[in-house]
Amino acid sequence: MKVLVTGGIGYIGSHTCIAMIEAGIEPIILDNLSNSKLAVLDRIETLTSIRPVFYQGDVRDQDKLDLIFSEHEISSVIHFAGLKSVGESVAKPLEYFDNNVNGSLVLARSMRKAGVKSIVFSSSATVYGDPKVVPISENSPTGATTNPYGRSKYIVEQCFSDLFAAEPLWSITLLRYFNPVGAHPSGLIGEDPQGMPNNLMPFIAQVAVGRRDFLAVFGDDYDTVDGTGVRDYIHVMDVAAGHIAALKIVGEKAGLHIYNLGTGQGRSVLEMLDAFSLACGKTLPYQILPRRAGDIAQCWASTEKAQQELDWHATRTLNEMAADTWNWQSKNPQGYSDC
Ligand code: NAD
Ligand code: UFG
C-alpha cells in the first residue's frame, strides 16, 4: 500500500513515516523543505533501512501532484504540509491561508482527478478555541478560533466536510492533535524549530542544552492545579501510531471520521518542567512572566472515540516524552544543523 505523505519530513511526518514503514506501508513523500531538512531522509533510512521516495515540491503545485499520482498507485494521502506558527500567522495571514487552505484544495482537486478518495488531515485542538468543558470531545463546539493559523485549520475542516457531503464516496479523516512532543527513542529524529521556539517542550529542551538561559513561564495565575497553563501533551510516536490506526481502520471506509489524538490527561507547565529536570538530571531555571496573549487556561482531550473506533490510545508517559526529547536534544544540540 502506497500513501502520499505531504510534509513527510517535518516533525510529525517523519515519525509517522517510520511507523508506516514498520507497518508495511510505503510512504511517498512530498515536501518543499520550508521547515525541514533533507538530512531527515538519511535518518529515516538509518532507522528503517528504507529510503522513502521523495519529491521536493509544493503541495500547491498541481502539476507536481498530478505527476506523483501518475507515477505511483497511491491509495491514500496523509496531509501534514502546512505552516504552524500561531504568532507568525497573525503577522502573515495571507501566507497562512494560501499555504494551509489553498494547499489543501489543490491537493483535493488533484486527488479527485487521480481517483484517490482517502485522506487523513492534520487538524488541531486549536479548532475548539477556549473550551467551556474539559475533557473536550469531538462533538464539542468548533470554530471560535483566535488566530489565522487556527482559522486555517477550521476552514480546511469545513472544506473537507462539504466535499464529503457532496461526494460521499470519500474517506476523510480529521485528526485533531493536542500537543505533540517527544522524539523517536533512538534520538535520531526529533523536533527542530527554526529560531526561537514558540512551544513549551522545545523551549525547555533548549534551556537544558544551554541554548537559552531560562524558561519564561507565561502566567501563574490561571485557575489550574498550580496556576500555570495546562495542556494534553502526547508523545509524537503515539501520534504516529494514531495515523496508522486511522489509515488501517477508517482509511478505506467512506465517511467523515473525526478523532482527537491526545492522552486524556492535562499537565501544567511546571509539571512538564519537573519531568524534564528529572530527564536531564538538572534543575532548570525559569521565571514567571505575564500571560501570553491568546493562551487558554487548560485543555485536554476526551480519548474514548479513538479508543473505541480506532482501537488506539496513547501509551507513553510524560517522563518518556521528556526523556526522549532530552535524548534527541542532547545528541543533536543544534538540531539537524549538526548533520
Ligand atoms: P513541521 O513544520 O515540522 O512539518 C510540516 C512540513 O510541511 C515541513 O517539512 C514543511 O517543510 C512542509 N511544508 C510546509 N508547507 C508546505 C507546502 N506548501 N508544500 C509542501 N511541503 C510543505 O510541522 P509538524 O509539527 O510536523 O506539523 C505537521 C502538521 O500537523 C501541520 O499541518 C500542523 O499544522 C499540524 N499540527 C501540528 C501540531 C504541533 O504541535 N506540532 C499540533 C496540531 C496540528
Ligand atoms: N508556555 C510557556 N513558555 C513558553 C512556551 C509555552 O509558559 O516558552 C506555556 C503556554 O503558555 C501554555 C503551555 O506552555 O500554557 C503550552 O504552550 P505551547 O505553545 O507549547 O502550546 P499551545 O497549547 O499554546 O499551542 C500548541 C500549538 C498550536 C496548536 C495547539 C493545540 O502551538 O499550534 O497546541 O494543538 F494549535
Side-chain angles (χ1 to χ4, degrees), residues 5-16 29-38 40 55-61 64-65 78-89 95-96 98-100 102-104 106-107 121-129 136 145-147 149-150 152-153 156 175-181 190-194 196-204 206-207 212 214-220 222 224 228-234 236 239-240 260-262 266-270 272-273 286-299 301:
V5 187
T6 74
I9 59 171
Y11 171 48
I12 304 172
S14 55
H15 290 81
T16 303
I29 300 175
L30 171 70
D31 200 301
N32 68 0
L33 303 183
S34 59
N35 198 33
S36 50
K37 301 261 168 57
L38 271 178
V40 174
Y55 290 85
Q56 183 173 342
D58 199 291
V59 76
R60 291 163 292 184
D61 180 347
K64 189 81 165 190
L65 288 169
I78 306 184
H79 180 33
F80 292 109
L83 301 176
K84 64 165 183 176
S85 161
V86 170
E88 188 184 56
S89 79
E95 283 83 347
Y96 270 68
D98 186 40
N99 205 327
N100 295 2
N102 188 29
S104 301
V106 173
L107 175 62
F121 172 62
S122 297
S123 189
S124 165
T126 193
V127 299
Y128 296 117
I136 306 175
T145 49
T146 53
N147 55 71
Y149 167 72
S152 75
K153 291 289 170 190
V156 175
L175 297 182
R176 295 176 179 155
Y177 315 152
F178 278 65
N179 290 59
V181 296
E191 188 170 12
D192 182 21
Q194 307 303 301
M196 179 85 88
N198 300 304
N199 300 116
L200 180 65
M201 187 64 130
F203 203 104
I204 295 178
Q206 291 194 5
V207 174
R212 313 270 163 205
F214 63 90
L215 172 73
V217 175
F218 299 137
D220 68 347
Y222 288 107
T224 60
T228 64
V230 166
R231 298 290 184 274
D232 186 341
Y233 298 98
I234 174 169
V236 66
V239 174
N260 289 337
L261 294 188
R267 301 296 197 149
S268 75
V269 175
L270 295 181
M272 180 58 96
L273 196 62
Y286 69 92
Q287 287 180 21
I288 306 292
L289 266 65
R291 294 180 179 194
R292 184 171 66 178
D295 268 357
I296 58 174
Q298 57 181 11
C299 88

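As the structure lists them, so they are numbered: ligands from 1, and atoms in each ligand from 1. Given the structure is predicted, the values throughout are model-derived calculations rather than measurements. The chain is numbered in sequence order, starting from 1.
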Do side-chain atoms of [X] reach the backbone of [Y] as a donor and acceptor pair under 3.5 angstrom?
| X | Y | answer |
| --- | --- | --- |
| Gln194 | Asp192 | yes |
| Ser123 | Leu175 | no |
| Thr6 | Ala81 | yes |
| Lys153 | Ala125 | no |
| Asn199 | Met201 | no |

Gap between atom [atom2] of [Y] and atom [atom1] of [X] - 0.5 Å precision:
| X | Y | atom1 | atom2 | value |
| --- | --- | --- | --- | --- |
| Leu38 | Gln56 | CG | CD | 6.0 Å |
| Ser122 | Tyr177 | OG | OH | 2.5 Å |
| Arg292 | Asn198 | CZ | CG | 7.0 Å |
| Asp295 | Arg231 | CG | CZ | 5.5 Å |

Ligand-side contact atoms (ligand 2) for residue partner [X], heavy atom cut-off under 4.0 Å:
| X | answer |
| --- | --- |
| Asp295 | 10 (C), 11 (O), 12 (C), 24 (O) |
| Ser124 | 29 (C), 31 (C), 35 (O), 36 (F) |
| Ala125 | 31 (C), 35 (O) |
| Tyr177 | 35 (O) |
| Tyr149 | 33 (O), 36 (F) |
| Asn198 | 5 (C), 19 (O) |

If we set the cut-off at 4.0 Å for heavy atoms, which region of Leu200 has an atom near ligand 2: side chain, backbone, both, or neither? both
Counting heavy atoms only, which part of Ala216 comes closer than 4.0 Å to ligand 2: side chain, backbone, both or neither? backbone
Look at atom CZ of Phe203 and say whether more than 12 heavy atoms of other residues, nucleotides or ligands are closer to it than 6.0 Å. yes
Tell me the protein heavy atom at minimum distance from [atom], and give that distance in Å.
| atom | answer |
| --- | --- |
| atom 9 (C) of ligand 2 | Val269 CG2, 3.7 Å |
| atom 15 (O) of ligand 2 | Gly229 CA, 3.4 Å |
| atom 35 (O) of ligand 2 | Phe178 O, 2.9 Å |

Taking [atom] as the point of reference, which of [options] owns the nearest heavy atom?
| atom | options | result |
| --- | --- | --- |
| atom 32 (O) of ligand 2 | Ile288, Asn199, Val217, Leu270 | Asn199 |
| atom 17 (O) of ligand 2 | Gln298, Arg231, Arg292 | Arg292 |
| atom 8 (O) of ligand 2 | Phe218, Phe214, Tyr222, Tyr128 | Phe218 |
| atom 22 (P) of ligand 2 | Asn179, Leu273, Val127 | Asn179 |

Please tell me whether Asn260 and Tyr128 have a donor and an acceptor in their side chains that are separated by less than 3.5 angstrom. yes
By ring-ring contact (aromatic ring centres under 6.0 Å, His included), which residues pair with Tyr96, not counting sequence neighbours? none
Note down each nitrogen or oxygen pair, ligand 1 side and protein side, whose separation is under 3.5 Å; give only atom names and the distance to 0.1 Å.
unit_1   : atom_1 : unit_2 : atom_2 : d
ligand 1 : 2 (O)  : Asn35  : ND2    : 2.7
ligand 1 : 3 (O)  : Tyr11  : N      : 2.8
ligand 1 : 9 (O)  : Gly10  : N      : 3.3
ligand 1 : 9 (O)  : Asp31  : OD1    : 3.2
ligand 1 : 9 (O)  : Asp31  : OD2    : 2.6
ligand 1 : 9 (O)  : Ser36  : OG     : 2.7
ligand 1 : 11 (O) : Asp31  : OD1    : 2.7
ligand 1 : 11 (O) : Asn32  : OD1    : 3.4
ligand 1 : 11 (O) : Ser34  : N      : 3.1
ligand 1 : 11 (O) : Ser34  : OG     : 3.4
ligand 1 : 11 (O) : Asn35  : N      : 2.9
ligand 1 : 11 (O) : Ser36  : OG     : 3.2
ligand 1 : 13 (N) : Asn32  : OD1    : 3.3
ligand 1 : 15 (N) : Asn99  : OD1    : 3.4
ligand 1 : 15 (N) : Asn99  : ND2    : 3.4
ligand 1 : 18 (N) : Asp58  : OD1    : 3.0
ligand 1 : 18 (N) : Asp58  : OD2    : 3.4
ligand 1 : 18 (N) : Asn99  : OD1    : 2.8
ligand 1 : 19 (N) : Val59  : N      : 2.9
ligand 1 : 21 (N) : Asn32  : N      : 3.1
ligand 1 : 21 (N) : Asn32  : OD1    : 3.3
ligand 1 : 25 (O) : Lys84  : NZ     : 2.8
ligand 1 : 26 (O) : Tyr11  : N      : 3.3
ligand 1 : 26 (O) : Ile12  : N      : 2.8
ligand 1 : 32 (O) : Phe80  : O      : 2.8
ligand 1 : 32 (O) : Lys153 : NZ     : 2.9
ligand 1 : 34 (O) : Tyr149 : OH     : 2.7
ligand 1 : 34 (O) : Lys153 : NZ     : 3.1

Considering only heavy atoms from C-beta outward, does the side chain of Arg176 approach that of Ile136 to under 4.5 Å? no
Applying a strict 4.0 Å limit to heavy atoms, is Tyr233 in contact with ligand 2? yes
Polar-atom distance check: Val230 versus ligand 2, any N or O pair below 3.5 Å? no
Report the residue from Asp98, Asn99, Asn100 that forms a side chain to side chain donor-acceptor pair (under 3.5 Å) with Asn102. Asp98
